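Because the structure is a prediction, the values reported are computed rather than measured.
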Amino acid sequence: MSHAWFRNQKKVFIAYADGTKKNQFLVRKGKQYFHLSSQKEIRKLSLKQAYQIFLMISTREVEFRGIGSFQNLRKGAGIK
């Protein structure tokens, strides 16, 4: 992963697992950032909060699961 993820303006996500091995998502939509939990709760994040999660993923403090773009997902497809 690179910091290019933050410069890209597309609707993209990074999937990672928290300490309990449940999937979490860091989502970027334009210049807005969101956290989607395994309980399907969505929380808006500041750039600083999103970057802190990104650093945790980059330094492997949490388990990286994948990266993707919502433009490339088919209906019903996703990370399991």
Which class fits the ring pair F13 and F25: parallel under 30°, tilted 30 to 60°, perpendicular over 60°?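 If you compare the ring of F13 with that of F25, the planes turn out perpendicular.
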Just how far is it from atom [atom1] of [X] to atom [atom2] of [Y], taken to the nearest 0.5 Å?
X: F54; Y: I14; atom1: CZ; atom2: CD1; answer: 5.5 Å
X: K44; Y: F34; atom1: NZ; atom2: CZ; answer: 5.5 Å
X: S46; Y: Y51; atom1: OG; atom2: OH; answer: 13.5 Å
X: R60; Y: L55; atom1: CZ; atom2: CG; answer: 14.0 Å
X: E63; Y: K22; atom1: CD; atom2: NZ; answer: 15.0 Å
X: E41; Y: Q24; atom1: CD; atom2: CD; answer: 9.5 Å

Which pair of heavy atoms, one from Y16 and one from I57, lies closest together, and at what distance?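 Nearest heavy atoms, Y16 then I57: CD2-CD1, 3.5 Å.
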Taking side chain as C-beta onward, heavy atoms only, is V62 less than 4.5 Å from I53?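 No, side chains not in contact.
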Taking C-beta and beyond as the side chain, do Y33 and Q49 meet within less than 4.5 Å on heavy atoms?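 With C-beta onward as the side chain, the pair stays apart.
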